[in-house]
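First up is the structure itself, then whatever we jot down about it.
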Amino acid sequence: MARGDLALVLMAAGKGTRMRSRLPKVLHPVCGRPILMHALELGRELGAVRRVVVVGAGESEVRAAVAGQDVELVRQTEQLGTAHAALQARALLGDHDGPVIVMNGDHPLYRASTFQTLRETWEAKKAGLAILVTDMPNPEGYGRVLRDSSGRVARVVEEHECSDTLRRVREVNLGGYIADARTLFELLASVRNDNAKGEYYITDLVEIALATGRTVETSNASDWLESIGINTRQELARAQALMRERIADQLMLAGVTLMDPETTYVDVDVEIGEDTVLAAGVTIRVGTRIGSGCRIDPGVVIEQSVIGDRVHVKPGCFFEGARVGNGCEIGPNAHLRPGADLRENVRVGNYVEIKNSVLGAGTKADHLSYVGDADVGAGVTIGCGAITVNYDGAKKTRTTIGDRAFIGCNSNLIAPVTIEPEAYVAAGSTITKSVPAGALAVARGQQRVIEGWRKKRFGAGDHE
Ligand code: UD1
Ligand code: CA
């Protein structure tokens with residue numbers, strides 16, 4: 001593309017006072033991904049060769065959140081305004097040979113295509129500066145775009161400096177700017193803070209560019225709904241609702257049925273296969289993969305998990321960090337915790353909890369069990385209420401159960417212990433020693449029967 005490689009500057013140093021939060025504003029998640037990460041992802045989609053984040057308020061948290069990402073950070077020690085924020089990037093990008101997009105860090109819904117158009121406008125018109133604008137039905141809170149009699153952009157005026165007439169203008173500045181690096185930093189350096197708030201406004205770039213003989217173009221974001229900047233929790237909720245709608249649309253276009261899109265919460269970075277049906281009130285969190293032909297019933301929450309094809313998850317289940325093979329049937333009300341690894345056609349029933357355990361193909365744990373730190377083979381039956389006792393108060397140890405073993409109801413397997421293939425554990429046993437293949441282990445008190453107990457205890461008469 002003409003005019004060199006793209007760099008991105010993301011302004012994320014503001015305090016976000018209006019959020020009333022301890023968490024830096026840009027770290028609040030929208031559909032599972034922090035606001036800032038949405039913008040960084042956008043930079044990646046635009047092919048930015050460098051992505052610079054201006055950090056300030058909440059710096060250590062922001063630093064931690066972007067650790068491991070291919071981004072550079074620059075510090076704005078005092079939050080003196082958006083122009084001052086962008087200018088801090090000069091230390092890193094002063095010699096950059098190509099365009100720089102400067103972006104507000106608080107717009108999670110921006111689309112890459114919108115910025116692509118901004119860049120193309122800037123390039124095609126050989127503009128000194130181009131800015132992103134849109135028409136908003138309710139422009140409250142945004143800087144208004146002031147045009148001259150020939151319709152060319154003349155200024156951006158912040159809302160609190162607007163006259164009543166200007167306040168009625170619906171065309172607003174969206175906090176996206178592009179110029180080549182040299183022009184950008186030259187213009188930024190000449191912004192002054194002689195305004196009501198004593199801040200350096202990046203929006204002054206428009207006037208300064210025009211005054212220094214450059215042309216300024218605007219690029220219109222066609223869908224104002226993508227333009228919402230987040231300053232308050234209300235805006236956070238609105239952005240989340242819009243993003244949710246976007247994700248739901250993508251899913252439905254990809255062949256997923258959503259029984260009630262309005263109450264289905266699917267984060268970004270989730271994949272769901274064709275003909276999977278999500279019931280009302282389902283939450284699928286970031287990083288989850290679900291195969292095709294699955295049924296996910298009401299009230300299910302799944303995070304960081306990988307689910308195969310044709311899996312039925314019944315109401316009220318919670319999966320975190322689990323793997324579920326094809327054809328499994330889970331729940332209602334089952335809890336799969338990290339490291340739960342269910343192979344094909346496993347059945348896990350109500351009030352069963354599985355943690356850090358493999359369950360081989362066709363194994364069943366239908367009711368009220370806890371299976372933790374266990375290697376369970378294929379075709380095993382784990383009876384109602386059976387428990388692996390994996391923790392002695394100091395350390396965790398593993399249980400091994402061989403193929404086709406049968407674990408009777410309400411038995412305790414005290415780890416470390418091995419139940420070999422095809423062995424039986426009698427109901428109510430507390431197993432502390434390994435059981436050989438094909439054997440039956442009974443480990444419980446012998447039953448005693450005391451005849452005539454009622455009579456001895458209460459006498460012959462009416463004891464009621
Ligand atoms: C800004 C624009 C306004 C536009 C709106 C779009 C200015 C002066 N105004 O207003 O025209 O309509 O965005 O959402 O730019 N930041 C810093 N350092 C600072 C101040 C802010 O890094 O010293 C960052 C913030 O973290 C935020 C972004 O810059 O990500 C925008 O700042 P914010 O205070 O939210 O600007 P708005 O008042 O929304
Ligand atoms: Ca803002």
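As the structure lists them, so they are numbered: ligands from 1, and atoms in each ligand from 1. A quick note: this is a predicted structure, and the numbers were derived from the prediction, not measured.
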>> So, regarding A85 and ligand 1 (criterion: nitrogen or oxygen to nitrogen or oxygen, under 3.5 Å), is there a contact or not?
In response: no
> I401 versus D375: any side-chain heavy-atom pair under 4.5 Å?
Replying inline: no
> Taking the minimum heavy-atom distance to atom 19 (C) of ligand 1, which of R18, E161, Q76 ranks first?
Replying inline: Q76
>> Under 3.5 Å between any N/O of Y142 and any N/O of ligand 1: does that happen in this structure?
In response: no
>> Looking at T264 and G281, would you say the former's side chain and the latter's main chain have a donor-acceptor pair under 3.5 Å?
In response: no
> Name the one of K126, K125, R119 that satisfies salt bridge (Lys or Arg N to Asp or Glu O under 4.0 Å) with E123?
Replying inline: R119
> So among K314, K364, R347, which one has a salt bridge (Lys or Arg N to Asp or Glu O under 4.0 Å) with E329?
Replying inline: K314
>> Going by the closest heavy atom to atom 29 (O) of ligand 1, which one wins out of Q79, E199, M11?
In response: M11
> Just which atoms of ligand 1 are under 4.0 Å from any heavy atom in A12?
Replying inline: 22 (O), 26 (O)
>> Under a 4.0 angstrom heavy-atom cut-off, which atoms of ligand 1 come close to G105?
In response: 30 (O)
>> When you compare ligand 1 with V54, is there at least one nitrogen or oxygen pair between them that comes in under 3.5 angstrom?
In response: no
>> Tell me whether R182 at atom CZ has more than 12 heavy atoms from other residues, nucleotides or ligands lying less than 6.0 Å away.
In response: no
> Under 4.0 Å from any heavy atom of G143, which atoms of ligand 1 are there?
Replying inline: 3 (C), 4 (C), 11 (O), 12 (O)
> Heavy atom under 4.0 Å from ligand 1: found in H84's side chain, backbone, both, or neither?
Replying inline: neither
> Taking the non-hydrogen atoms of H107, is any one of them nearer than 4.0 angstrom to ligand 1?
Replying inline: yes
>> For the metal site, I want the angle between atom OD2 of D106 and atom OD1 of N231 with the Ca ion (ligand 2) at the apex, to 10°.
In response: 90°
> Any idea which protein heavy atom is nearest atom 5 (C) of ligand 1, and the distance to it?
Replying inline: N104 ND2, 3.8 Å
> Would N350 and N333 count as having a side-chain donor-acceptor pair, cut-off 3.5 Å?
Replying inline: no
>> Counting non-hydrogen protein atoms only, what is the nearest one to atom 35 (O) of ligand 1? Give residue, atom name and distance.
In response: D106 OD2, 3.0 Å
>> Among all protein heavy atoms in this structure, tell me which lies nearest to atom 22 (O) of ligand 1, with the distance rounded to 0.1 Å.
In response: A13 N, 2.8 Å
> Should we say atom CG of D95 is surrounded by more than 12 heavy atoms from elsewhere, each under 6.0 Å from it?
Replying inline: no
>> Does any N or O of ligand 1 fall below 3.5 Å from an N or O anywhere on T82, backbone included?
In response: yes
>> For K25, state whether at least one heavy atom is located under 4.0 Å from any atom of ligand 1.
In response: yes
> Looking only at protein heavy atoms, which one is nearest to atom 4 (C) of ligand 1, and how far off is it?
Replying inline: N173 O, 3.2 Å
> Just by modelled atom types, is the G377 backbone N or O under 3.5 Å from a matching donor or acceptor in the T363 side chain?
Replying inline: yes
> Which protein heavy atom lies closest to atom 26 (O) of ligand 1, and at what distance to 0.1 Å?
Replying inline: G14 N, 2.9 Å
> How far is atom 20 (C) of ligand 1 from its nearest protein heavy atom, and which residue and atom name does that atom have?
Replying inline: G81 C, 3.8 Å
> Is the backbone of K395 close enough, under 3.5 Å, to the side chain of D392 for a donor and an acceptor to pair up by distance?
Replying inline: yes
> Are side-chain N/O atoms of E226 and T114 paired as donor and acceptor at under 3.5 Å?
Replying inline: yes
>> Assess the residue pair D204 and Y200 against the criterion (side chain to side chain donor-acceptor pair (under 3.5 Å)); give the C-alpha distance rounded to whole Å, side-chain angles, the decisive distance to 0.1 Å, and a yes or no.
In response: CA-CA 8 Å; D204 286 356; Y200 297 89; over 6 Å; no
>> Measuring only between side-chain heavy atoms, which start at C-beta, is N390 closer than 4.5 Å to T399?
In response: no
> Mind checking whether Y201 has an N or O less than 3.5 Å away from an N or O of ligand 1?
Replying inline: no
> Which bit of N231 is near ligand 1, meaning a heavy atom under 4.0 Å away: side chain, backbone, both or neither?
Replying inline: side chain
>> Among all protein heavy atoms in this structure, tell me which lies nearest to atom 10 (O) of ligand 1, with the distance rounded to 0.1 Å.
In response: E158 OE1, 3.9 Å
> Which atoms of ligand 1 are found less than 4.0 Å from any heavy atom of I202?
Replying inline: 15 (O)
>> Taking CG in D70 as the centre, count heavy atoms belonging to other residues, nucleotides or ligands within less than 6.0 Å. Is the count above 12?
In response: no
>> With the threshold set strictly below 4.0 angstrom, can you tell me whether any protein non-hydrogen atom sits that near atom 15 (O) of ligand 1?
In response: yes
> Closest heavy-atom contact between V346 and L359?
Replying inline: CG2-O, 3.6 Å
>> With a 4.5 Å cut-off on side-chain heavy atoms, are E158 and T203 touching?
In response: yes
>> Please check whether G175 reaches ligand 1 - meaning an N/O of the residue sits under 3.5 Å from an N/O of the ligand, judged on distance alone.
In response: no
